Amino acid sequence: MEQKVVLYIEDNFHNRRLVRKILQSQGYTLLEAEDGESGLAMIRQLKPPLILLDIGLPGMDGLELLAHIRADARLRHIPVIALTASAMRGDRERFLAAGCDDYISKPVQVTELLEKVAAHYPSNHRAKGEK
Ligand code: MN
């Protein structure tokens, strides 16, 4: 059976626990990093198939981390879904312009998270609409 791995970079424990529960329930293995520096180190070492990226991180924030990913020829193909509580007009466009493949606003909704992870997961060939 194929192991589906997602890396989530998020400083908030409760968000990590929620996303972990949701994704594990669907057979994903969730790797976790608490800040941008350790997240980037894990990305370089593990080259995860899909990245969930909190924008508001201590130290190196999500957009800075995203710039590192997109500037690296070995990493730039990895799909990145941004997560943020920020819901200002234009945020979605700003994050997509920065190189994110998609955007989820917090609080995380189960259905939206699963749909977007499935849609962007590179080797996912399940039929559309399957839950
Ligand atoms: Mn945060």
Side-chain angles (χ1 to χ4, degrees):
M1 188 174 146
E2 180 197 8
Q3 191 188 19
K4 298 180 291 183
V5 176
V6 174
L7 172 63
Y8 184 25
I9 303 165
E10 165 70 73
D11 59 310
N12 183 284
F13 169 81
H14 299 285
N15 288 331
R16 290 203 308 275
R17 184 172 60 184
L18 173 64
V19 168
R20 185 189 316 134
K21 283 184 179 177
I22 295 169
L23 291 183
Q24 283 181 347
S25 77
Q26 299 300 309
Y28 293 92
T29 297
L30 190 66
L31 307 175
E32 301 171 32
E34 295 183 34
D35 59 56
E37 286 79 8
S38 60
L40 183 57
M42 288 181 76
I43 293 166
R44 285 175 170 153
Q45 183 184 357
L46 304 171
K47 297 183 180 61
L50 178 73
I51 298 168
L52 297 174
L53 178 61
D54 178 33
I55 296 298
L57 292 167
M60 182 196 303
D61 73 9
L63 291 179
E64 189 180 348
L65 174 52
L66 183 63
H68 283 288
I69 297 168
R70 293 304 182 235
D72 189 328
R74 296 162 303 167
L75 307 176
R76 65 167 55 117
H77 64 282
I78 300 174
V80 176
I81 302 175
L83 289 90
T84 175
S86 164
M88 287 168 52
R89 179 191 295 269
D91 270 357
R92 185 173 184 280
E93 290 69 24
R94 191 161 61 90
F95 298 141
L96 294 178
C100 288
D101 296 89
D102 213 331
Y103 167 76
I104 294 173
S105 60
K106 299 177 192 171
V108 171
Q109 305 296 314
V110 175
T111 304
E112 182 186 20
L113 175 66
L114 289 175
E115 285 179 354
K116 291 192 171 175
V117 166
H120 291 283
Y121 200 88
S123 57
N124 192 307
H125 300 297
R126 288 182 303 171
K128 275 194 163 55
E130 182 183 343
K131 293 289 188 290

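Bear in mind the structure is a predicted one, so any value in this text is a computation, not a measurement. When a ligand or atom number is given, it counts from 1 through the structure's own listing order. Below, all heavy atoms of this structure are taken into account, side chains as well, without hydrogens, waters or symmetry copies.
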Atoms named by residue and atom, protein N, O or S, within reach of the Mn ion (ligand 1) (under 2.8 Å):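 Per the 2.8 Å query on the Mn ion (ligand 1), atoms found are Asp11 OD1, Asp54 OD2, Gly56 O.
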Give every residue pair that meets the salt bridge (charged side-chain N to carboxylate O under 4.0 Å, His left out) criterion with at least one member in [range], sequence neighbours excluded.
range: residues 71-85; result: Asp72-Arg74
range: residues 39-64; result: Asp54-Lys106
range: residues 12-26; result: Arg16-Glu32, Arg16-Glu34, Arg20-Glu32

Criterion side chain to side chain contact (heavy atoms under 4.5 Å, CB included) on Tyr28 and Ile22, from CA distance to verdict: CA-CA 9 Å; Tyr28 293 92; Ile22 295 169; over 6 Å; no
Ile43 side, atom CD1; Ile51 side, atom CD1 - distance, nearest 0.5 Å: 3.5 Å
Side chain to side chain contact (heavy atoms under 4.5 Å, CB included) between Leu52 and Val80, worked out: CA-CA 6 Å; Leu52 297 174; Val80 176; over 6 Å; no
